[in-house]
Amino acid sequence: LIIMLGLISLTVTRKGISSSTVYTYEPAGLTLSYLGAYTYEEAREGDVVRVVLKDKAQKENQSVDDIPTEGLPQISCLIVPNKSDLTIPLWIESSSYQQTEGRLIEGSMYPSADIPGIDAVGFKTDGLYASDHVAFIAHKHLVDCSVAYITLDDPLRVDFVAVLAGISIK
């Protein structure tokens with residue numbers, strides 16, 4: 001399976017991680033299927049939810065409460081109620097978004113087809129690590145799924161593409 005993520009084409013063929021597990025966030029109707037090599041941790045601050053997918057091998061070393069917004073390179077989804085009916089571009093260009101998620105790289109926004117059947121916007125941010133993002137709206141919630149990485153060939157980026165392909169909204 002080959003999927004375009006920004007200008008980089010990634011082939012999803014990671015060995016040894018064929019099974020998947022499911023995380024569901026009912027208020028947004030969001031179902032997230034992720035690879036069996038990962039487990040999830042959920043952090044809540046008020047009505048904002050961050051789901052962090054962690055490699056099972058790293059799980060014992062750090063809890064989600066110990067992970068700042070820009071912790072280890074990781075795959076995560078941020079889910080925020082869209083109380084102001086913001087569009088994705090207005091949300092990601094806001095200073096409050098960029099203070100927590102990283103500086104939007106100018107000119108990096110593109111219509112994303114990475115999530116089957118969901119209108120989404122792809123973009124890149126720069127902070128402690130470079131990050132690829134795919135954001136969309138689900139039942140009055142802004143959802144931003146991202147992967148932070150150190151190098152362009154980081155296996156996390158391949159796993160991220162598989163996670164995106166496993167997202168559904170009911």
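Predicted model, so just to flag it, every value in this text is computed and none were measured. Reckoned from all heavy atoms, side chains included, excluding hydrogens, waters and symmetry mates.
By the side-chain hydrogen bond (donor to acceptor under 3.5 Å, both in side chains) test, K170 pairs with no residue at all, sequence neighbours left out. Listed by chain and residue number, nothing satisfies the side-chain hydrogen bond (donor to acceptor under 3.5 Å, both in side chains) test with S168 (two or more places apart in sequence, or in another chain). With sequence neighbours excluded, the residues forming a side-chain hydrogen bond (donor to acceptor under 3.5 Å, both in side chains) with T151 are D153, listed by chain and number. Looking at residues two or more places apart in sequence or on another chain, you find a ring pair (Phe, Tyr, Trp, His ring centres under 6.0 Å) between Y97 and W91.
With 3.5 Å as the limit, one finds a donor-acceptor pair spanning the side chains of D159 and Y38. Side-chain contact check for Y23 and E42: at least one donor-acceptor pair (N or O, by modelled atom type) lies under 3.5 Å.
Counting heavy atoms from C-beta outward, S131 and K124 have side chains that stay 4.5 Å or more apart. For the pair D132/R157, a side-chain contact is recorded, criterion being any heavy-atom separation below 4.5 Å from C-beta on. Looking at I150 and Y129, their side chains come closer than 4.5 Å, going by heavy atoms from C-beta outward. Two residues are said to be in side-chain contact when any heavy atoms from C-beta on lie closer than 4.5 Å; L104 and H133 fail this criterion. Between V121 and S112, every side-chain heavy-atom pair lies at or beyond the 4.5 Å cut-off. A heavy-atom distance below 4.5 Å is found between the side chains of V49 and V51. In this structure, T31 and I167 have side chains that are not in contact, with every pair of non-hydrogen atoms separated by 4.5 Å or more. In this structure the side chain of F136 never reaches within 4.5 angstrom of the side chain of D119, judged on heavy atoms.
In this structure, L78 is a member of the same hydrophobic cluster as I137, with clusters built from ILVMFWY side-chain heavy atoms closer than 4.5 Å.
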Stepwise side chain to side chain contact (heavy atoms under 4.5 Å, CB included) check, F123 with D144: CA-CA 10 Å; F123 57 97; D144 171 23; 4.0 Å; yes
Side chain to side chain contact (heavy atoms under 4.5 Å, CB included) evaluation trace for V22 with S33: CA-CA 4 Å; V22 175; S33 296; 3.8 Å; yes
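Residues P116 and L164 approach most closely at CD-O, 4.1 Å, considering heavy atoms. For the pair A138 and V143, the tightest heavy-atom approach, listed with the atom from each and the gap, is CB-CG2, 4.3 Å.
Residue pairs that meet the disulfide bond (SG atoms under 2.5 Å apart) test with at least one member in residues 138-170, sequence neighbours left out, are C77-C145. Applying the salt bridge (Lys or Arg N to Asp or Glu O under 4.0 Å) rule to pairs touching residues 23-33 yields nothing, sequence neighbours excluded.
Relative orientation of the Y40 and Y34 rings is perpendicular, given thresholds of 30° and 60° on the angle between their planes.
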